[in-house]
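Note sheet for the following structure.
The figures that follow rest on heavy atoms only: side chains count, while hydrogens, waters and symmetry mates do not. Throughout, protein chains are lettered first and strands after them, A, B, ... in sequence-line order, and every chain is numbered starting at 1.
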Amino acid sequence: MHMTILETLQNAVAQAVEQLYGERVEASSVQVNATPADFTGDYTVVIFPYVRLARKAPDVAGAEIGAFLEKNIPGIQAFNVIKGFLNLELSSAYWQAFLQSVLTDGQYGRQPRNGHKVMVEYSSPNTNKPLHLGHVRNCLLGWSSSQILDAAGYDVVRAQIVNDRGVAICKSMLAWQKFGNGQTPESSGIKGDHLVGDYYVLFENKSRTEYEVWQQSTEGQALFAEKHKPEQSEKDFFKDYKNKWFNDYSALGAEVRDMLLKWEAGDADTLALWRQMNGWVYEGFEKTYASLGVAFDKLYYESDTYLLGKDIVDDGLAKGVFFRKDDGSVWVDLSDVGYDQKVVLRADGTSVYITQDLGTARMRYHDFHCDRMVYVVADEQNYHFAVLFEVLKRLGEPYAAGLHHLSYGLVELPTGRMKTREGTVVDADDLVTEVTALAREQMVQVSDLQPEELEEASRKIGLGALKFFMIKVNPKRKMIFNPEESVDLQGQTGPYIQYSCVRINSVLQRAEKEAVDLSPATEYLDYQPAEKELLKALHAYPGVLLTAAAEFDPSHLANFCYELAKNYHRFWHDVTIFNAAAPADKAFRLQLSRAVGQVLQSGMGLLGIEIPARM
RNA sequence: GGCUCCGUAGCUUAAUGGAUAGAGCAUCUGACUACGGAUCAGAAGGUUAGAGGUUCGAGUCCUCUCGGAGUCACCA
């Protein structure tokens with residue numbers, strides 16, 4: 001693997017400083033940036049750090065280092081110094097060779113395997129209801145991150161932990177048992193995950209009715225009279241009291257707890273019903289994942305993992321990381337790093353959420369020997385993951401240094417947070433249907449595609465718009481989701497990029513039809529500004545991939561794709577291809593177009609965005 | 001209240017401590033009889049919430065203030 005030009009520059013600058021000024025600097029600390037558009041040059045070395053070492057004025061030191069680089073690096077044809085910035089111009093021969101290497105490579109940007117293995121966990125649904133808008137952002141981040149990590153040299157295992165047990169699914173099961181009359185996805189024509197979700201909602205409705213009746217009962221009223229705080233209204237009191245009521249008074253609540261106990265005891269009928277209803281949900285999830293274009297290599301089920309972690313508790317006690325209280329509960333004290341004390345095992349010996357995650361982490365390591373694990377989970381759980389990672393570190397787990405929480409901001413609606421009770425949850429399947437329809441609607445205005453091609457294209461464009469909209473912003477930013485805005489076709493959008501690819505394809509097809517000879521391309525050396533910008537953008541691609549991987553942030557790649565497409569649109573406008581003055585010009589521009597198309601296809605592919613043939 | 005994160009143009013946002021803070025939307029003005037106008041060019045829009053500090057250099061790092069969000073369960 002040869003050095004990139006950037007590494008070459010860094011090394012050469014370090015050498016220059018040592019030879020000229022007798023001071024050692026770390027090559028990796030040398031700052032090399034792309035030269036801003038309004039200055040002459042391709043790359044810029046920041047000279048300020050060496051001014052003190054040189055004991056010379058910035059422009060003098062810059063000129064000396066520049067002369068050294070020009071003499072020692074063949075690809076440099078000129079330089080200029082402005083203040084403390086050394087602007088370097090690479091030769092046309094360098095750029096020619098670079099373009100040819102991109103075209104030959106076919107997988108340009110993709111890095112060799114780096115020997116690391118990373119597990120990316122994402123989606124993590126509950127099985128009591130269908131996927132919603134929040135899962136969509138999660139899936140898009142998880143999928144694109146995993147693709148980017150793969151391209152950056154990691155071996156990737158995509159994992160999903162399915163929360164398939166607990167009170168929630170029991171609510172769906174109980175409602176179905178009591179009110180379902182044997183309804184199935186087949187008999188009702190309702191997608192399995194939606195059907196199970198409908199019974200969850202039904203349960204909540206029945207439960208609410210029961211609660212309202214109870215509130216007016218003598219028992220309820222007596223309780224309010226006895227327990228409400230002086231200033232508290234009846235409504236507020238019962239709102240706060242809901243959990244307590246559900247556990248202590250509700251008949252439905254008792255039935256659900258009974259069902260959960262039966263499940264834990266392995267009751268055959270309960271397990272059969274549980275398997276059946278979860279099976280419906282999985283069929284539904286599969287369709288949703290397929291429509292979003294995401295997939296998994298490994299599924300973990302909470303029903304298999306919820307008891308894990310108890311051996312770790314013993315381990316932690318032995319290592320002195322945990323301590324036992326008088327009641328028998330086990331705790332970890334993280335107050336020295338600003339966190340609280342946290343229970344890891346209840347007094348009755350049962351585990352809590354974090355115990356399970358401790359055990360699951362260890363199990364995953366044993367399954368795959370990943371030295372990195374990424375958890376794609378919304379930022380409400382930042383504290384939980386900070387604690388989890390800290391505990392794993394203290395336990396001395398071998399993968400502890402490679403843990404990362406890819407935390408992302410919740411998706412909210414213009415009206416606020418989504419609430420099941422208020423029916424404002426945006427369903428994932430509906431969303432896909434809606435963006436496809438919106439794209440189709442807008443397409444018929446501007447496109448002359450035939451019906452069957454239009455259908456395929458509107459799916460790719462609607463999803464392309466949605467995905468790009470959600471991926472282009474920094475994950476940790478909270479996002480307000482507005483369906484119309486998310487399928488904009490103009491400006492900084494997925495379709496804008498798709499359109500540039502479609503243009504490229506149409507040009508390349510024409511070139512093929514006319515059998516244009518591409519061999520004179522290498523004779524073309526006097527680049528137009530728009531062409532040079534494209535070359536520089538292509539050149540940046542591998543670095544962008546590495547940054548996106550290192551920061552677990554696909555938005556870098558999304559923004560790169562947009563910049564590249566924007567540069568191509570400008571090139572298209574400024575420079576003619578088929579009416580070019582000379583065969584070399586035409587051939588070069590076709591090759592350049594092909595390279596851009598190749599990189600856009602690759603980059604968008606990593607984001608999970610497909611390019612339609614026509615649009 | 002403790003801890004964490006966030007605050008950039010009317011709106012959505014970009015910027016490994018580096019040059020004049022860069023885009024898109026919306027607004028206004030323009031673009032070749034042309035390779036696809038879902039495009040391109042231009043105008044206008046900023047005290048990067050505020051005040052100090054570190055630095056040759058701060059949107060970025062530190063301190064404080066203001067504003068917003070999340071979290072602080074023997075829930076998951």
Side-chain angles (χ1 to χ4, degrees), chain A residues 31-33 35-39 44 46-49 51-52 58 82-85 87 124 126 163 165-168 243 302 306 325 327-331 337-340 342-348 350-357 378-384 386-387 407 409-410 412 442-443 445-448 461 465 469 472-474 476-480 482 485 488-493 495-500 502-511 543 547 550-551 555-556 559 562-563 565-566 568-580 586 589-590 593 614-615:
Chain A
Q31 294 179 62
V32 183
N33 308 318
T35 304
D38 15 336
F39 296 92
T44 297
V46 182
I47 295 300
F48 290 110
V51 168
R52 187 173 298 168
I82 301 174
K83 297 197 276 183
F85 300 99
N87 301 317
S124 311
N126 294 318
N163 301 303
R165 64 164 287 281
V167 176
N243 273 336
E302 198 200 355
Y306 80 110
K325 287 194 177 172
D327 65 357
S329 59
V330 178
W331 295 71
V337 288
Y339 307 149
D340 300 318
K342 187 97 191 164
V343 76
V344 293
L345 199 68
R346 295 188 184 105
D348 64 6
T350 58
S351 50
V352 292
Y353 180 50
I354 194 159
T355 323
Q356 215 182 113
D357 274 358
D379 62 10
E380 341 169 72
Q381 297 202 40
N382 284 355
Y383 182 71
H384 169 74
V387 169
S407 165
L410 288 182
E412 297 183 9
Q442 297 184 58
M443 278 186 74
Q445 321 271 335
V446 290
S447 172
D448 59 351
I461 290 166
F469 180 83
K472 75 176 177 186
V473 305
N474 187 318
K476 71 182 172 193
R477 205 176 261 276
K478 173 178 93 173
M479 117 177 335
I480 313 265
N482 186 320
E485 281 174 20
D488 255 353
L489 309 184
Q490 268 109 37
Q492 194 177 26
T493 65
Y496 173 94
I497 301 166
Q498 290 170 319
Y499 184 58
S500 67
V502 169
R503 277 182 151 176
I504 289 168
N505 287 337
S506 103
V507 164
L508 294 179
Q509 273 167 25
R510 175 169 163 190
T547 304
E551 296 181 11
S555 70
H556 286 107
N559 288 317
Y562 170 69
E563 284 300 326
K566 187 176 155 80
Y568 190 80
H569 281 307
R570 181 178 318 184
F571 160 81
W572 175 282
H573 181 265
D574 289 358
V575 179
T576 183
I577 298 174
F578 286 99
N579 296 327
K586 189 201 278 189
R589 288 167 191 163
L590 285 168
S593 297
R614 304 205 304 145
M615 59 194 279

Contacts of A:F48 meeting ring-ring contact (aromatic ring centres under 6.0 Å, His included) (sequence neighbours excluded), chain-then-number -> A:F85
Just to be sure I understand the rule, does [X] reach a base, reach only the sugar-phosphate, or reach nothing, if contact means heavy atoms closer than 4.0 Å?
X	answer
A:D38	base
A:V507	sugar-phosphate
A:N505	nothing
A:N33	base
A:V575	base
A:T44	base
A:V502	base

Using the P atoms only, state how far B:rG17 lies from B:rG59, rounded to an integer number of Å.
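Rounded to whole Å, the distance is 13 Å.
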With rounding to the closest Å, how many angstrom separate the P atoms on B:rG45 and B:rA21?
14 Å
Send over the distance from [X] [atom1] to [N] [atom2], rounded to a whole Å.
X	N	atom1	atom2	value
A:E302	B:rC75	CD	C1'	11 Å
A:Q381	B:rG70	CD	C1'	12 Å
A:Q490	B:rA23	CD	C1'	16 Å
A:D340	B:rG1	CG	P	17 Å
A:R346	B:rC74	CZ	C1'	5 Å
A:E563	B:rG24	CD	C1'	11 Å
A:I354	B:rA76	CD1	C1'	12 Å

Within the 4.5 Å heavy-atom criterion, are A:F571 and A:S593 side-chain neighbours or not?
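Touching, per the 4.5 Å side-chain cut-off.
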Check whether any side-chain heavy atom of A:P58 lies under 4.5 Å from a side-chain heavy atom of A:K83, and answer yes or no.
no
Can you sort out the partners of A:D327 under side chain to side chain donor-acceptor pair (under 3.5 Å), two or more places apart, ordered by chain and number?
A:S329
Suppose we screen for side chain to side chain donor-acceptor pair (under 3.5 Å). Which residues come up paired with A:T576, at least two apart in sequence or across chains?
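Not a single residue meets the side chain to side chain donor-acceptor pair (under 3.5 Å) criterion with A:T576.
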Contacts of [X] that satisfy side-chain contact (heavy atoms from CB on, under 4.5 Å) - sequence neighbours left out:
X	result
A:D340	A:Y383
A:V32	A:L6, A:L9, A:Q10, A:V30, A:Y43, A:V45
A:V446	none
A:Q31	A:V46, A:P49

Check whether any side-chain nitrogen or oxygen of [X] sits under 4.0 Å from OP1 or OP2 of [N], and answer yes or no.
X	N	result
A:S506	B:rC35	no
A:W331	B:rC74	no
A:R510	B:rG36	no
A:Y499	B:rA38	yes

Indicate the atoms forming the closest heavy-atom contact of A:L410 with A:K478, along with that distance.
O-CG, 3.5 Å
Under 4.0 Å protein heavy-atom contacts per nucleotide of nucleotides 40-46 of chain B, with B for base, S for backbone only and - for none:
SS-----
Each nucleotide of nucleotides 3-13 of chain B classed B (base within 4.0 Å of a protein heavy atom), S (only sugar-phosphate) or -, in 5' to 3' order, makes ---S-B----S
More 5' along RNA chain B: A:I82 or A:R614, using each one's nearest nucleotide?
A:I82
Would you kindly compare A:Q442 and A:T35 by the position of their nearest RNA chain B nucleotide and give the one closer to the 5′ end?
A:T35
We want to know whether A:N382 and A:S407 form a side-chain donor-acceptor pair, criterion being a heavy-atom distance below 3.5 angstrom.
yes
Atom pairs under 3.5 Å: protein N/O with N/O of nucleotides 56-61 of chain B:
residue: B:rC56; atom: OP1; partner: A:R52; partner atom: NH2; Å: 2.8

Hey, is the main chain of A:Q492 close enough, under 3.5 Å, to the side chain of A:K472 for a donor-acceptor pair?
yes
Hey, is the main chain of A:V344 close enough, under 3.5 Å, to the side chain of A:T355 for a donor-acceptor pair?
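Yes; judged by distance alone, with no hydrogens or angles, the pair exists.
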Are A:Y499 and A:Y496 an aromatic pair by the rule of ring centers under 6.0 Å?
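A:Y499 vs A:Y496: aromatic centres not under 6.0 Å.
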May I ask you to establish whether A:R510 and A:F578 are in a cation-pi arrangement, using a distance under 6.0 Å from NZ or CZ to the six-membered ring centre and at most 45° from the ring axis?
yes
Does the B:rA38 base have a donor-acceptor partner in the side chain of A:S447 within less than 3.5 Å?
no
If you go through the side-chain atoms of A:N87, does one of them form a donor-acceptor pair with the base of B:rA19 closer than 3.5 Å?
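Side chain to base: pair found, below 3.5 Å.
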I'd like to check the salt bridge (charged side-chain N to carboxylate O under 4.0 Å, His left out) partners of A:E380; sequence neighbours left out, ordered by chain and number.
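Checked A:E380 against salt bridge (charged side-chain N to carboxylate O under 4.0 Å, His left out); matches are A:R417.
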Reading 5' to 3' and counting Watson-Crick or G-U wobble pairs with both distances under 3.5 Å, write the dot-bracket notation for RNA chain B, | for bases paired outside the strand.
(((((((..((((....[...)))).(((((.......))))).....(((((..]....))))))))))))....
Can A:Y562 be classed as stacking with the base of B:rA23, given a centroid separation cut-off of 5.5 Å and a plane angle cut-off of 30°?
no
